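Residue numbers begin at 1 in each chain, while the letters A, B, ... track the order of the sequences. A quick note: this is a predicted structure, and the numbers were derived from the prediction, not measured.
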Number of protein chains: 2
Amino acid sequence: MGKQMTEMLKGTLEGIVLALLTGKPAYGYEITTLLREKGFADIAEGTVYALLVRIEQKGLVDVEKRPSEKGPPRKVYTLNIQGNEYLDEFWRTWSFLAERLEQLREGGN
Amino acid sequence: MGKQMTEMLKGTLEGIVLALLTGKPAYGYEITTLLREKGFADIAEGTVYALLVRIEQKGLVDVEKRPSEKGPPRKVYTLNIQGNEYLDEFWRTWSFLAERLEQLREGGN
DNA sequence: TACTGGTAGCTAGTAGTACTAAGTAGCTGG
DNA sequence: CCAGCTACTTAGTACTACTAGCTACCAGTA
């Protein structure tokens with residue numbers, strides 16, 4: 001992956017994953033494949049798992065272990081209230097940044 | 001500053017500063033005040049100077065020392081060809097991310 | 001049986017970047 | 001003379017995505 005993309009994902013990937021969880025719980029492996037479908041083809045698996053541990057420790061998601069039909073048990077992550085608030089804050093921050101950047105791109109300096 | 005903003009700026013602040021430099025050279029102190037005018041009120045001075053050192057070492061800008069009317073000499077930064085290419089790459093990366101995020105926000109998961 | 005491959009999760013160590021917190025230094029006005 | 005603005009610098013810290021591995025379960029196949 002490009003280095004610029006790597007740096008830009010810092011701070012946004014967390015929001016992306018939380019956004020994926022709105023409404024539909026998912027487990028780690030599922031999230032990585034979801035990300036690939038959504039166009040984030042080069043995000044390392046290990047990155048996702050580490051991120052999931054982080055948002056769990058922050059208390060943004062509830063976790064439940066469920067047996068899988070094909071493989072080891074899955075850890076299913078569900079966005080909770082705190083996670084929703086955090087996600088709202090994320091979107092506000094994102095909007096702020098995106099607006100300024102569009103101004104910079106169009107307005108010219 | 002919010003922690004989310006801090007993390008989100010990683011990778012984008014560099015592009016923002018380079019964008020500010022397109023067409024008009026500027027020096028560090030000027031850039032920090034420019035950033036504040038543009039809405040990035042809470043970006044630490046030290047952050048900007050460190051970033052400027054970095055983009056200089058990457059060879060994205062040309063540097064010239066000029067005496068100031070009121071204070072120590074200024075280091076004036078000018079975007080060069082490599083910087084322009086880097087900035088193009090930055091906008092491509094940004095567009096990619098912004099598109100996916102808008103899809104995520106609207107399309108709903 | 002042995003082996004491959006898909007599913008599923010985990011970890012130690014590294015690099016990059018924004019931050020804090022402090023400092024140096026020149027100039028002007030009270 | 002010193003407070004305050006200008007202007008730049010630096011050491012140390014925290015956070016996050018990465019690499020590069022590892023464990024483990026199951027199905028199909030040679």
Side-chain angles (χ1 to χ4, degrees), chain A residues 1-18 25-36 40-58 60-61 63-77 86 90 93 97, chain B residues 1-18 25-36 40-58 60-61 63-77 86 90 93 97:
Chain A
M1 187 158 36
K3 213 195 316 179
Q4 297 214 29
M5 181 60 89
T6 293
E7 291 306 321
M8 227 180 269
L9 279 175
K10 292 186 180 178
T12 55
L13 185 55
E14 197 171 293
I16 290 169
V17 168
L18 291 178
Y27 54 97
Y29 193 80
E30 190 183 6
I31 291 170
T32 53
T33 56
L34 254 175
L35 284 172
R36 296 192 203 292
F40 301 100
D42 309 309
I43 291 182
E45 242 189 307
T47 298
V48 176
Y49 285 112
L51 191 154
L52 290 173
V53 168
R54 228 159 50 223
I55 63 178
E56 182 185 353
Q57 284 175 343
K58 283 192 199 167
L60 307 179
V61 288
V63 186
E64 189 193 350
K65 214 158 209 171
R66 276 188 225 160
S68 164
E69 309 89 43
K70 35 163 87 175
R74 300 163 174 168
K75 279 178 76 175
V76 178
Y77 295 84
Y86 191 88
F90 169 79
T93 308
L97 234 192
Chain B
M1 187 160 35
K3 214 196 318 179
Q4 297 214 31
M5 182 59 88
T6 291
E7 291 306 323
M8 225 179 271
L9 279 175
K10 292 185 179 177
T12 55
L13 184 56
E14 197 171 292
I16 290 169
V17 169
L18 291 177
Y27 54 97
Y29 193 79
E30 188 183 7
I31 291 170
T32 53
T33 56
L34 254 175
L35 284 171
R36 296 194 204 291
F40 301 101
D42 309 309
I43 291 183
E45 238 191 308
T47 299
V48 176
Y49 286 111
L51 191 156
L52 289 174
V53 168
R54 228 159 51 225
I55 62 177
E56 181 185 352
Q57 284 175 345
K58 284 191 197 168
L60 307 178
V61 287
V63 187
E64 189 194 350
K65 216 160 210 171
R66 277 189 223 159
S68 163
E69 309 88 43
K70 33 163 89 178
R74 299 163 173 166
K75 279 177 76 178
V76 178
Y77 295 84
Y86 191 89
F90 169 78
T93 308
L97 234 193

Decide side chain to side chain contact (heavy atoms under 4.5 Å, CB included) for B:Leu9 and B:Ile43; before the verdict, give the C-alpha distance in whole Å, the side-chain angles of both, and the deciding distance to 0.1 Å. CA-CA 10 Å; B:Leu9 279 175; B:Ile43 291 183; 4.2 Å; yes

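- Per the geometry, CZ belonging to A:Phe40 stands 17 Å off C1' belonging to D:dC18, to the nearest Å.
- Distance from the side chain of A:Leu9 is smallest to D:dC18 among D:dA7, D:dC18, C:dG9.
- Closest to the A:Tyr49 side chain, of the nucleotides C:dC10, C:dT17, D:dA7, is C:dC10.
- Side-chain contact between B:Leu97 and A:Phe40: present, with at least one pair of heavy atoms (C-beta onward) separated by less than 4.5 Å.
- Proximity of A:Tyr77 to A:Leu52: side-chain heavy atoms (C-beta onward) are separated by under 4.5 Å at one or more points.
- Closest to the A:Arg74 side chain, of the nucleotides D:dC18, C:dG16, C:dG9, is C:dG9.
- Rounded to an integer number of Å, the gap from A:Lys3 NZ to C:dT14 C1' is 14 Å.
- Counting heavy atoms from C-beta on, the side chains of A:Leu51 and A:Arg54 come closer than 4.5 Å.
- Per the geometry, CZ belonging to A:Arg66 stands 12 Å off P belonging to C:dG9, to the nearest Å.
- Closest approach to the B:Tyr29 side chain among D:dA17, C:dA18, D:dC8 is made by D:dC8 (side chain taken as heavy atoms from C-beta onward).
- The side chain of B:Arg54 contributes an N or O atom lying less than 4.0 Å from OP1 or OP2 of C:dT17.
- Atom P of nucleotide C:dG9 and atom CD of A:Glu64 are separated by 13 Å, given to the nearest angstrom.
- If you check every strand for non-hydrogen atoms under 4.0 Å, B:Thr6 touches sugar and phosphate atoms only.
- Ranking C:dG9, D:dT19, C:dC19 by closeness to the A:Lys75 side chain, first place goes to C:dG9.
- B:Glu56 places its CD atom 12 Å from the C1' atom of D:dC8, with the value rounded to the nearest Å.
- Across D:dT6, D:dT9, D:dT19, the shortest atom-to-atom separation from the side chain of A:Ala44 is found for D:dT19.
- When rounded to the nearest whole Å, the span between CD of A:Glu45 and P of D:dT19 equals 12 Å.
- Spacing between atom OH of B:Tyr27 and atom P of C:dG26 amounts to 18 Å, rounded to whole angstrom units.
- As judged by a 4.0 angstrom heavy-atom cut-off over every strand, B:Gly46 is placed among the base-contacting residues.
- When each of A:Gly11 and A:Lys70 is assigned the nucleotide of DNA chain D with its nearest heavy atom, A:Gly11 is the one assigned upstream, toward the 5' end.
- In this structure, CD of B:Glu30 is placed 9 Å from P of D:dC8, rounded to the nearest angstrom.
- For the pair B:Ser68 and D:dT6, the criterion of a side-chain N or O lying under 4.0 Å from OP1 or OP2 is not met.
- Considering only heavy atoms from C-beta on, A:Tyr86 comes within 4.5 Å of A:Glu14 through its side chain.
- Out of C:dT17, D:dA17, C:dT20, the shortest distance to the side chain of A:Leu13 is found at D:dA17.
- Of the candidates C:dG16, D:dC18, D:dC25, D:dC25 carries the atom nearest the A:Pro72 side chain, counting heavy atoms from C-beta on.
- As judged by a 4.0 angstrom heavy-atom cut-off over every strand, A:Lys10 is placed among the base-contacting residues.
- Using a cut-off of 4.0 Å between Lys/Arg side-chain N and Asp/Glu carboxylate O, B:Arg74 and B:Glu69 are scored as salt-bridged.
- Checking A:Pro73 against A:Glu7, the closest nucleotide of DNA chain C that is more toward the 5' end is the one next to A:Pro73.
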